[in-house]
Amino acid sequence: MKSKNLKLAIQKNGRLTEDAISFLRSSGLQFENYKQKLFSSCKNFPLEIVYVRDDDIPDYVESGAVDLGIVGQNILNESNKDVKNIINLNFGICSLSIAIPENSNIKVVKQLINARIFTTYPNSTEKYFRKKNIPVKIMTVSGSVEITPALGIADAIVDLVATGRTLALNNLKVIEKIYDSQATLIAGKNNNLPEGKKILMQKLIKRFKKLII
Ligand code: PRT
Ligand code: ZN
């Protein structure tokens, strides 16, 4: 990896990986990506593409370990890192939503007072209910949130929803959307970037913006 090259982090292996790679390729960047690789050097631009876990991307961008990143707004909202949102990329579209069992008597969010809510997004959940002034008990799990109502430990869940199929399969339904999300290009706020890198970054961002209508 050449240190004077720009660095852009994308998800290594997940829902955003293929779309992020297609997006970069459609901007004209040429690079090889092998599943086992940790980074790829572009052949026709001084850029290194770094493959990491999506949750780490805001941190790497904020600290300047990488110059740019492609990540879901949901991760940004949850992590609260100080980064610049450059452009929304129109993929990875989903929403963070509150869901309850299909047979629940609850009709509106206000009725969730003192409810047990399981989520992998505790910060976004806490912020939402605090703003609404509804006291709830928020419990954090690292995955498979949809199972918690069936286990009898949750009255509601807060999770990402795309097609809604996972909720339907688990006899759950959305009662409220907390926010919409999609993949977005982010950059650090580091103004001490060397002039050469700044120019490269502007060139690259211009290329990317052309692809977004
Ligand atoms: O390993 P790593 O930490 O990098 O990946 P990850 O497992 O944390 O994330 P991953 O690959 O699942 O998702 C990456 C990003 O894709 C998320 O941060 C979102 O920005 C975006 N995204 C878009 C989604 C979904 N749609 C989505 N549907 N992320 C997750 N889901 C899950 C959701 O949590 C639920 O389990 O899919 C299920 C619901 O999908 P539907 O279609 O049945 O509604
Ligand atoms: Zn993740």
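As the structure lists them, so they are numbered: ligands from 1, and atoms in each ligand from 1.
Only the side chain of Ile75 comes within 4.0 Å of ligand 1, counting heavy atoms alone; its backbone N, CA, C and O stay farther away. Counting heavy atoms under 4.0 Å from ligand 1, residue Arg53 touches it through both backbone and side chain. The proximity of Glu146 to ligand 1, defined as any non-hydrogen pair under 4.0 Å, is limited to the side chain.
In this structure, the protein non-hydrogen atom closest to atom 40 (O) of ligand 1 is Thr166 OG1, 3.6 Å. Atom 13 (O) of ligand 1 has its closest protein heavy atom at Arg15 CD, 3.5 Å. Of all protein heavy atoms, the one closest to atom 34 (O) of ligand 1 is Asp159 OD1, 3.3 Å. Counting protein heavy atoms only, atom 15 (C) of ligand 1 is closest to Leu16 CG, 3.7 Å. In terms of protein heavy-atom proximity, atom 17 (C) of ligand 1 is nearest to Asn74 ND2, 3.6 Å. Of all protein heavy atoms, the one lying nearest to atom 42 (O) of ligand 1 is Thr163 OG1, 2.6 Å.
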Please step through ring-ring contact (aromatic ring centres under 6.0 Å, His included) for the pair Phe23 and Phe208, ending with a clear verdict. CA-CA 8 Å; Phe23 175 78; Phe208 291 159; 5.3 Å; yes

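Looking at ligand 1, you'll find an N or O of Ala162 within less than 3.5 Å of one of its N or O atoms. For ligand 1, the polar-atom distance check against Asn13 finds no nitrogen or oxygen pair separated by under 3.5 Å.
Distance check for atom 7 (O) of ligand 1: every protein heavy atom is found at 4.0 Å or beyond.
Between the side chains of Gln73 and Tyr179, no donor-acceptor pair of N or O atoms lies under 3.5 Å.
Judged by distance alone, with hydrogens and angles left aside, the side-chain atoms of Asn44 form a donor-acceptor pair with the main-chain N or O of Gln30 at under 3.5 Å. Using a distance-only test at 3.5 Å, with no hydrogens or angles considered, a donor-acceptor pair links the side chain of Glu78 to the main chain of Ser124.
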